Protein chains: 4
Amino acid sequence: MTLTAEAPVRWRRRKEARPQELLDAALEVFVEKGFADARLDDIAKRAGVSKGTIYLYFESKQDVFEAMVRRLAEARFEVASALIHAHQGSAQQLLTDLIRLAGQFVREPPYSHFPRLIIAESRRFPELAAFCLRELIHKGMTLFGLVIAKGQETGEFRALPSLHMVRLAMAPIVFMAIFRSAFEPHDDQPFDVDGHIATHLDIFIRGLRAEGGPA
Amino acid sequence: MTLTAEAPVRWRRRKEARPQELLDAALEVFVEKGFADARLDDIAKRAGVSKGTIYLYFESKQDVFEAMVRRLAEARFEVASALIHAHQGSAQQLLTDLIRLAGQFVREPPYSHFPRLIIAESRRFPELAAFCLRELIHKGMTLFGLVIAKGQETGEFRALPSLHMVRLAMAPIVFMAIFRSAFEPHDDQPFDVDGHIATHLDIFIRGLRAEGGPA
Amino acid sequence: MTLTAEAPVRWRRRKEARPQELLDAALEVFVEKGFADARLDDIAKRAGVSKGTIYLYFESKQDVFEAMVRRLAEARFEVASALIHAHQGSAQQLLTDLIRLAGQFVREPPYSHFPRLIIAESRRFPELAAFCLRELIHKGMTLFGLVIAKGQETGEFRALPSLHMVRLAMAPIVFMAIFRSAFEPHDDQPFDVDGHIATHLDIFIRGLRAEGGPA
Amino acid sequence: MTLTAEAPVRWRRRKEARPQELLDAALEVFVEKGFADARLDDIAKRAGVSKGTIYLYFESKQDVFEAMVRRLAEARFEVASALIHAHQGSAQQLLTDLIRLAGQFVREPPYSHFPRLIIAESRRFPELAAFCLRELIHKGMTLFGLVIAKGQETGEFRALPSLHMVRLAMAPIVFMAIFRSAFEPHDDQPFDVDGHIATHLDIFIRGLRAEGGPA
DNA sequence: TATGAATGAGACTTCATTCAT
DNA sequence: TATGAATGAAGTCTCATTCAT
């Protein structure tokens, strides 16, 4: 309650915020340049600190990269997971919502470049690739799998191999993210994200639907 | 029949084969390490020449990379194009064959890692990305577009936006290639390529089919 | 007896003890790592303070090193000097005691590593080397010189050049200290300190003794 | 015998000579600055090459240091060993010659600074210390041991513990080398090398001599 | 007095590129 | 055409030192 009490707080806040600020800057630079061409100097400059400061919070350039990926990946997944577990309605509707949500994730930069970045560096960071597979992809597939299973139980969906159905539900979203990140700057016309997702839903869910199902 | 007579022949043959041998070696190394981590020393060693020799045939490391991509890309596309133009049968069958052919292209290493590699380096090589978009993707999409249009004319396929249909036909193949290249080493079980393609065809073509169409 | 009454006392005590505590910590770290590889962070941590605190008491890393050496050197020398001046007995006995005392100085770590450390950094710290030469070595040699002179006066010792005799009396002790510090960790068997000194005395004093002398 | 035949030879000679030239330059710089303060730039400049060239021949700065020490150490030891094995005469004379030879080794810079340098870096280079102990010191001690044993067999020398006798024979030489390297620049008068060795021989051999021996 | 976050100069090391042979 | 020794620019990382608190 004294006036002096807050000064150290502000200072401490800074210290705690630093890693996040650095990772925000790192995201921008890595997305823009890729791992190899990203300069620690650039990251530091964007975070408003000197290069040496990075090493107060991270062990190495690789460490920065991995921390950045993990933070974003986990954040995204938590949002997805929460929304999904709260859902109520038909399996068809749920799948639609899920696919649309996934589409949201890869709409705006810099996040829209994330899948390309992870793919690009998957060989250089085998552990990170394993992490993404385990913590993002497998978990995401599990969620999709629940929806697919539900639809099969209710008779909404056909009895196709679940694993393939899950991947085929996700594939156009991933494809879109990667395609846009890699090629949109060189394409004549912008990628019609909404149309792409809508058509995917149209074709995919129709192709999935059991002939004499409830819908 | 003299000893010296044959030497120049072998020599000349060698000389013409050099760039190809170098690009073969480059393919292996770039696929394995990515552009930044690939060493010209490694490429030279695998091609059985010295590092300096590379500069007799290519301007720079970037030049080697681009030449390698262009050569492979064009070769793949020519095969695809030829097979497609020779095709006869229903649009549905043609689309099936096309998708299966695309699946063939990304089955075996080192070619199976090609899409990931291009995606990975798309920011570093804007021109190369533009080239791939123009010479590979757009041309491939044109071919797919022809098939889709034919199916719509015959009433086999629904009247959805063609561009999206084309992309959605290709997306699972591209997804599969990239997924395997990036994550299969870390996955518990191997990717079921045939099952994936079969299920894609099953769902996609059913989702595409006009209700009262001829099939 | 109030709680606040004692605090400043402890505080002031602390304050005065700080430099000593820092130098103790510095001794350990410098001995372990050498000057270049010693980290001020380590020294601070061992002294239980933060790195910045070092700069309240010392100008620089070099300053810490020099202060540490000077403190230990002077302390050692005072002990030696005091003991020597109080001595009574034959020159032979005095020389024996002196050599044994010097041997004591380099027996236990971390002091046992001191000669090696000073030698190692003598080029980086010319002033410190000069200081050690002046305040340690020359003074020590003066003491030895007194004993030698006394022995020559009494006829116990031969009339050899005094300077060489002094150095030859000390050399095996210095040699032992440096040898142990540098090589004992890699040697099969431990260095027999007592045997070394005893044999030195046996040979050296016999070699020094005048043929028809009083002993 | 052709004119062109020699050109590549000269060129190859260069390549073969490079490591030696680099190690010569390294010796000077390391002796002058110590390991930590030695700059690869300096070494390169003195060898007349660029910094990168060092890495064509050595793995790292440490590698350069170790190679330099090994080369010199082995060269010195081979000379000593050869001379010793060829010797004929009394044990007393042999010991005298041996000690004088050792004195020669540490007379002139930059070699005269070698013992100090090895001692100084013994903690940073444990393997190198082990190497020096094994290949230099132990072998040297073995040679001295042969001489001592011979003198004891002939009855020239007293029956003292051989290990100590050997070390005590060497100690003044090592002491002298280290003392000069560390302190001579700060001393008023130059170190009388010959006098030191002569007096050592005088005292040590007399102290070693058996009372009723043949000499 | 004490802290510890921040700095920034400087070193080692890598490797694409060059060029004398 | 082919070599491979040599280059030198550039980047990551370290750590003594500073300074706001």
Side-chain angles (χ1 to χ4, degrees), chain A residues 4 7-12 14-16 18 36-44 47-64, chain B residues 8 11-12 14-15 18 36-44 48-64, chain C residues 8 11-12 14-15 18 36-44 48-64, chain D residues 4 7-12 14-16 18 36-44 47-64:
Chain A
T4 56
V9 171
R10 226 181 296 131
W11 191 65
R12 225 179 301 132
R14 186 98 208 212
K15 175 188 166 188
E16 278 156 22
R18 267 288 136 74
D37 289 349
R39 301 286 148 244
L40 289 183
D41 261 325
D42 287 350
I43 295 175
V49 299
S50 78
K51 196 166 39 169
T53 301
I54 295 176
Y55 289 87
L56 295 178
Y57 299 99
F58 302 97
E59 303 254 319
S60 64
K61 190 184 180 183
Q62 298 223 359
D63 193 26
V64 175
Chain B
W11 187 254
R12 229 178 296 129
R14 191 95 209 214
K15 174 178 155 188
R18 268 288 141 76
D37 289 349
R39 304 281 150 251
L40 287 185
D41 264 323
D42 286 352
I43 294 174
V49 300
S50 77
K51 190 162 52 165
T53 301
I54 295 176
Y55 286 86
L56 296 176
Y57 298 99
F58 301 98
E59 302 257 318
S60 66
K61 189 185 182 185
Q62 299 223 0
D63 192 26
V64 175
Chain C
W11 186 256
R12 228 177 298 129
R14 190 97 208 212
K15 175 179 154 188
R18 268 288 141 77
D37 288 349
R39 305 281 150 249
L40 287 186
D41 264 322
D42 285 352
I43 294 173
V49 300
S50 76
K51 190 163 50 165
T53 301
I54 295 176
Y55 286 86
L56 296 175
Y57 299 100
F58 302 97
E59 302 257 319
S60 66
K61 190 184 181 184
Q62 300 223 359
D63 193 26
V64 175
Chain D
T4 55
V9 170
R10 225 181 295 132
W11 191 63
R12 225 180 299 132
R14 187 98 208 212
K15 177 187 165 188
E16 279 157 21
R18 267 287 135 76
D37 289 350
R39 301 286 150 241
L40 288 183
D41 261 324
D42 289 349
I43 295 175
V49 299
S50 77
K51 196 166 40 168
T53 300
I54 295 175
Y55 288 87
L56 295 177
Y57 299 98
F58 303 98
E59 304 253 320
S60 64
K61 190 184 179 184
Q62 297 223 0
D63 194 26
V64 175

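Since the structure is predicted, the reported quantities are computational estimates derived from the model, not experimental observations.
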Nearest of E:dC12, F:dT17, F:dC13 to any side-chain atom of D:L40?
-> E:dC12
Please determine, for the side chain of A:L56, which listed nucleotide (F:dA2, F:dC13, E:dT7) has the closest atom?
-> E:dT7
Short side-chain N/O contact to F:dA5 OP1/OP2 from D:Y57, under 4.0 Å | no
Minimum heavy-atom distance between C:L40 and C:I54, given as atom pair plus value | O-CD1, 3.6 Å
Tell whether C:K51 reaches the base of E:dT3 with its side chain through a donor-acceptor pair below 3.5 angstrom.
-> no
Check whether any side-chain nitrogen or oxygen of C:T53 sits under 4.0 Å from OP1 or OP2 of E:dA2, and answer yes or no.
-> no
Note, DNA chain E 5' to 3' with Watson-Crick or G-U pairs under 3.5 Å encoded as ( ), [ ], | and . gives .||||||||||||||||||||
Expressed in angstrom and rounded to an integer, what is the separation of C:I54 atom CD1 from F:dC19 atom C1'?
-> 16 Å
Select from B:Q62 and D:D41 the residue whose nearest nucleotide in DNA chain E is closer to the 5' end of that strand.
-> D:D41
Candidate nucleotides F:dC13, E:dA2, F:dT1, ranked by approach to the side chain of A:S60 - the nearest = F:dC13
Round to the nearest Å and state the distance from D:F58 atom CZ to E:dC12 atom C1'.
-> 16 Å
Looking across every strand, which nucleic acid part, if any, lies under 4.0 Å from B:A38 by heavy atom: base, sugar-phosphate, or nothing?
-> sugar-phosphate
Quick one: on DNA chain F, does B:G52 or A:G52 contact a more 5' nucleotide (nearest heavy atom)?
-> B:G52
Rounded to the nearest angstrom, tell me the gap between atom NZ in D:K61 and atom P in E:dA11.
-> 9 Å
Heavy-atom closest pair (A:A36 atom, B:A36 atom, distance to 0.1 Å) is CB-CB, 3.3 Å
Rounded to whole Å, the CZ-C1' distance (C:R18 to E:dT1) equals 9 Å
C:D42 CG to F:dC15 C1': how many Å, rounded?
-> 11 Å
Distance (rounded to the nearest 0.5 Å) between C:L56 CG and C:R18 CZ = 9.5 Å
Any idea which of E:dC12, F:dT17, F:dT7 is nearest the D:R39 side chain?
-> E:dC12
Listed once per pair and sorted, the salt bridge (charged side-chain N to carboxylate O under 4.0 Å, His left out) pairs that draw on residues 53-64 of chain B, sequence neighbours left out | none
Please figure out whether B:D37 or A:S50 has its closest DNA chain E nucleotide nearer the 5' end.
-> A:S50
Integer-rounded Å distance: E:dA9 C1' and A:Y55 OH = 15 Å
